[in-house]
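See below for the structure under consideration.
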Amino acid sequence: HAQLVDSGGGLVQAGGSPRLLCVVSGRTFSYYAMVWLRQAPGKERGFVTVINWSGGSTYYADSGKGRFTFSRDNVKRAVYLQMNSLKPEDTAVYYCAARLFGVGEQDPREYEYWGQGTQVTVSS
């Protein structure tokens, strides 16, 4: 099993650039595809970005293309979501999740292990 701890959220002004962090313990980190999903009030949890287990491919939702950068560090067992030019509509709880040997799944139901979530609030 894997344990995920995500952090880095907070109150940010529009246009700000926070970086979210997710640290993974447990089984071999490099075997996991990692995803960020977010859930805004009154909405379903939705896909933000994913990196496959080999680290060779990264995919972004249209809402984050050009603004978000997702990266992984297998030595530190961590993934990072750099978010730039934040907008009020980016306000949500952000969750990292892991799937063993995942290849870029975007459906939250495909993920086995979850962080506790970190709140990002963007003020206008």
Side-chain angles (χ1 to χ4, degrees):
H1 294 288
Q3 293 81 43
L4 283 65
V5 178
D6 41 33
S7 61
L11 178 61
V12 182
Q13 288 191 332
S17 300
R19 188 176 75 158
L20 304 186
L21 167 68
C22 178
V23 179
V24 181
S25 60
R27 297 179 65 176
T28 306
F29 172 71
S30 60
Y31 292 166
Y32 288 104
M34 300 296 299
V35 70
W36 284 98
L37 304 119
R38 67 185 183 184
Q39 187 165 19
K43 295 186 177 181
E44 294 185 352
R45 198 168 295 185
F47 170 74
V48 178
T49 180
V50 62
I51 190 166
N52 67 354
W53 74 271
S54 68
S57 297
T58 307
Y59 304 96
Y60 297 90
D62 288 343
S63 59
K65 286 180 181 176
R67 298 190 300 129
F68 296 174
T69 302
F70 190 21
S71 59
R72 68 186 297 158
D73 185 332
N74 286 347
V75 173
K76 295 183 178 179
R77 306 175 62 89
V79 293
Y80 308 92
L81 179 61
Q82 177 67 50
M83 301 190 292
N84 297 324
S85 303
L86 282 189
K87 307 172 184 178
E89 51 263 44
D90 293 316
T91 294
V93 179
Y94 284 73
Y95 298 89
C96 66
R99 175 183 171 91
L100 198 61
F101 296 120
V103 294
E105 293 82 356
Q106 300 182 10
D107 188 333
R109 295 170 295 181
E110 299 286 350
Y111 287 83
E112 303 150 295
Y113 307 107
W114 289 80
Q116 79 283 4
T118 184
Q119 175 73 47
V120 175
T121 302
V122 185
S123 63
S124 57

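Sequence positions, counted from 1, serve as the residue numbers for this chain. Bear in mind that the values here come from a model prediction, so they are computed numbers and not experimental data.
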Legend entry - Any donor-acceptor N/O pair, Gln116 side chain to Asp6 backbone, under 3.5 Å: yes
Legend entry - Heavy-atom donor-acceptor pair, Thr58 side chain to Ile51 backbone, under 3.5 Å: no
Looking only at non-hydrogen atoms, find the nearest pair between [X] and [Y] and report the distance.
| X | Y | result |
| --- | --- | --- |
| Asp90 | Val122 | CB-CG2, 4.3 Å |
| Leu37 | Ala97 | CD1-CB, 4.3 Å |
| Asn74 | Ser30 | ND2-CB, 3.6 Å |
| Val35 | Glu105 | CG2-O, 4.4 Å |
| Ala98 | Met34 | CB-SD, 3.6 Å |
| Leu86 | Met83 | CD2-CB, 3.8 Å |

Legend entry - Same apolar cluster: Tyr60 and Val79, side chain cutoff 4.5 Å: yes
Legend entry - Connected via hydrophobic side-chain network under 4.5 Å: Val5 and Leu81: no
Applying side-chain hydrogen bond (donor to acceptor under 3.5 Å, both in side chains), can you list everything that pairs with [X], at least two apart in sequence or on another chain?
| X | value |
| --- | --- |
| Thr121 | Gln119 |
| Glu112 | none |
| Glu110 | Arg99 |

Inset, instruction - Can you measure from CZ (Arg38) to CZ (Phe47) and round to the nearest 0.5 angstrom? - result: 11.0 Å
Inset, instruction - Show your working on side-chain contact (heavy atoms from CB on, under 4.5 Å) between Tyr32 and Leu4 and close with a plain yes or no. - result: CA-CA 12 Å; Tyr32 288 104; Leu4 283 65; over 6 Å; no
Legend entry - Flag side-chain contact, heavy atom, 4.5 Å: Val50 against Tyr111: yes
Hey, can you pull the donor-acceptor pairs under 3.5 Å for the side chains in residues 9-25, sequence neighbours left out?
| from | atom 1 | to | atom 2 | distance (Å) |
| --- | --- | --- | --- | --- |
| Ser17 | OG | Asn84 | OD1 | 3.2 |
| Ser25 | OG | Gln3 | OE1 | 3.2 |

Test side-chain contact (heavy atoms from CB on, under 4.5 Å) applied to [X] - qualifying residues, sequence neighbours left out:
| X | result |
| --- | --- |
| Ala33 | none |
| Arg77 | Phe29 |
| Ser85 | Arg67 |
| Asp62 | Lys65 |

Inset, instruction - Would you check, one step at a time, whether the test side-chain contact (heavy atoms from CB on, under 4.5 Å) holds for Phe70 with Val48? - result: CA-CA 10 Å; Phe70 190 21; Val48 178; over 6 Å; no
Inset, instruction - With sequence neighbours excluded, tell me which residues meet ring pair (Phe, Tyr, Trp, His ring centres under 6.0 Å) with Trp114. - result: none
Legend entry - Residues in ring pair (Phe, Tyr, Trp, His ring centres under 6.0 Å) contact with Tyr59, at least two apart in sequence or another chain: none
Inset, instruction - Determine which pairs satisfy disulfide bond (SG atoms under 2.5 Å apart) with at least one residue from residues 28-72, sequence neighbours left out, and list them in order. - result: none
Legend entry - Residue pairs involving residues 88-110 (criterion ring-ring contact (aromatic ring centres under 6.0 Å, His included); sequence neighbours excluded): Tyr31-Phe101, Trp53-Phe101
